[in-house]
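Read the structure below first, then the notes.
Numbers for residues simply follow the sequence, beginning at 1.
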Amino acid sequence: MIEQLKYWYRAYRYKYKVDVAEINFIIQKLGQGDVAVDIGCHKGGYLYWMQRQVGRTGYCYGFEPQPVLFSYLKKIQDLQGWEQVNIEQMGLSSVEGSFTLNIPKTKKGSSPGATINPVDSTQGVFDQVEIKTTTLDTYFLERNIQPKLIKIDVEGHELEVLKGGEQLLTTHRPAILMECEQRHLQQHTVIDVLEQLHSWGYQGQFIEGTTLKPIQEFRLETHQQQGSGRFWEAEGYVNNFVFE
């Protein structure tokens, strides 16, 4: 019961304090009978609202490759009695196969900073695990599933996830809620990721505080200004985007 109460607290904290605009977007875009996808579930704060919105006639697919977090989510699924949720212990990319997942070393054995991208010693100490990957096109088109909304939180692997879902995204056009930060990117920029979606006909907005603003007003040097310390927690820093 304590575990369940902690989970509910986390979900409601997201809705009313931490990610107000993000959860509101999910609630607005999903309805009874819809299909929602959570790529990078972490501890399921978003998944709670997804499954609540789609109801028993809808379905949610969650992808969480970190072993500790996957086990936690399966436990929460049992506690909540979720029959319309399927959680996969795998990552999403542009190809099917396997990758090394780099997990920042913590006492709990999990981290929101886990990434498929290469890391080096200057970035800290990491645990490494081999994970399976699939693509959005492979997983959903082969099963004839049409998501209404996809949430992406993959710490720098966004462009690969999108490329692996080009057919799904351009054909069925689900709404997208995506975290994207330059500090996680190595070979390209946030602008490259945004322009990929724009080239497929998506129109975007960025979330500043609790407000949605036109993507045309986003400036990397202003909204993701880097500095010393935990600069990503500074007021005015932007990391979440929505597309339709």
Can you tell me how far [atom2] of [Y] sits from [atom1] of [X], rounded to the nearest 0.5 angstrom?
X    : Y    : atom1 : atom2 : result
K15  : R52  : NZ    : CZ    : 8.0 Å
H172 : L136 : NE2   : CG    : 11.5 Å
L197 : T170 : CG    : OG1   : 11.0 Å
Q4   : K6   : CD    : NZ    : 13.0 Å
K29  : I176 : NZ    : CD1   : 12.5 Å
E155 : I116 : CD    : CD1   : 11.0 Å

Would you indicate whether the side-chain heavy atoms of [Y] and [X] approach each other to under 4.5 Å?
X    : Y    : value
P174 : L169 : yes
M178 : N240 : no
E22  : L177 : yes
E166 : W200 : yes
F218 : V190 : yes
T115 : L101 : no
K43  : Y72  : yes
L185 : D192 : no

Using only heavy-atom distances, determine whether the side chains of [X] and [Y] contain a donor-acceptor pair under 3.5 Å.
X    : Y    : value
Y139 : E88  : yes
Y46  : D153 : no
T100 : E130 : yes
H157 : S93  : yes
Q77  : W82  : no
Q182 : W232 : no

Short side-chain to backbone donor-acceptor contact, [X] and [Y], under 3.5 Å:
X    : Y    : answer
K151 : G40  : yes
Y202 : E195 : no
T133 : V95  : yes
S94  : G164 : no
N117 : G156 : yes
Q53  : A36  : no
E64  : Q66  : yes
S199 : Q196 : yes

State plainly whether the residues R230 and E233 are in salt-bridge range, i.e. N to O under 4.0 Å. yes

Residues, nucleotides or ligands: over 12 heavy atoms within 6.0 Å of [X] [atom1]:
X    : atom1 : result
R56  : CZ    : no
Y9   : OH    : no
H198 : NE2   : no
K75  : NZ    : no
E83  : CD    : no

When you look at Q205 and F241, which way does the side-chain contact (heavy atoms from CB on, under 4.5 Å) test go after all the steps? CA-CA 6 Å; Q205 297 172 289; F241 303 83; over 6 Å; no

Applying ring pair (Phe, Tyr, Trp, His ring centres under 6.0 Å) to Y59 and Y61, what does each step give before you reach the verdict? CA-CA 7 Å; Y59 212 84; Y61 294 86; 4.9 Å; yes

Could you see if [X] belongs to whatever hydrophobic cluster contains [Y]? Use Ile, Leu, Val, Met, Phe, Trp, Tyr and a side-chain cutoff under 4.5 Å.
X    : Y    : value
V238 : Y14  : no
L194 : I207 : no
F25  : Y48  : yes
I39  : V85  : no
L69  : F99  : no

Please list all pairs passing the side-chain hydrogen bond (donor to acceptor under 3.5 Å, both in side chains) test where one or both residues lie in residues 216-227, with sequence neighbours left out. none

For the aromatic rings, using the six-membered ring if either is Trp, is the centroid distance between Y12 and W49 under 6.0 Å? yes

Report the C-alpha distance between Q128 and I103 in whole Å, list the side-chain angles of each, state the deciding distance to 0.1 Å, and finish with yes or no for side-chain contact (heavy atoms from CB on, under 4.5 Å). CA-CA 6 Å; Q128 296 182 322; I103 307 172; over 6 Å; no

Grab the two heavy atoms, one from [X] and one from [Y], that are nearest each other, plus how far apart they are.
X    : Y    : value
G91  : P65  : N-CB, 4.1 Å
P67  : V129 : CD-CG2, 4.4 Å
C41  : G62  : SG-CA, 3.5 Å
S111 : T106 : CB-CG2, 4.3 Å
D137 : L168 : OD1-N, 2.8 Å
E208 : G236 : OE2-O, 4.1 Å

Begin with the C-alpha distance, continue with both residues' side-chain angles, and end with the deciding distance and a verdict on side-chain contact (heavy atoms from CB on, under 4.5 Å) for K108 and V68. CA-CA 8 Å; K108 294 182 178 180; V68 171; 5.6 Å; no

What verdict does the side-chain contact (heavy atoms from CB on, under 4.5 Å) test give for V54 and Q32, after you've listed the backbone C-alpha separation in whole Å, the side-chain angles of each residue and the deciding distance to 0.1 Å? CA-CA 4 Å; V54 304; Q32 297 289 306; over 6 Å; no

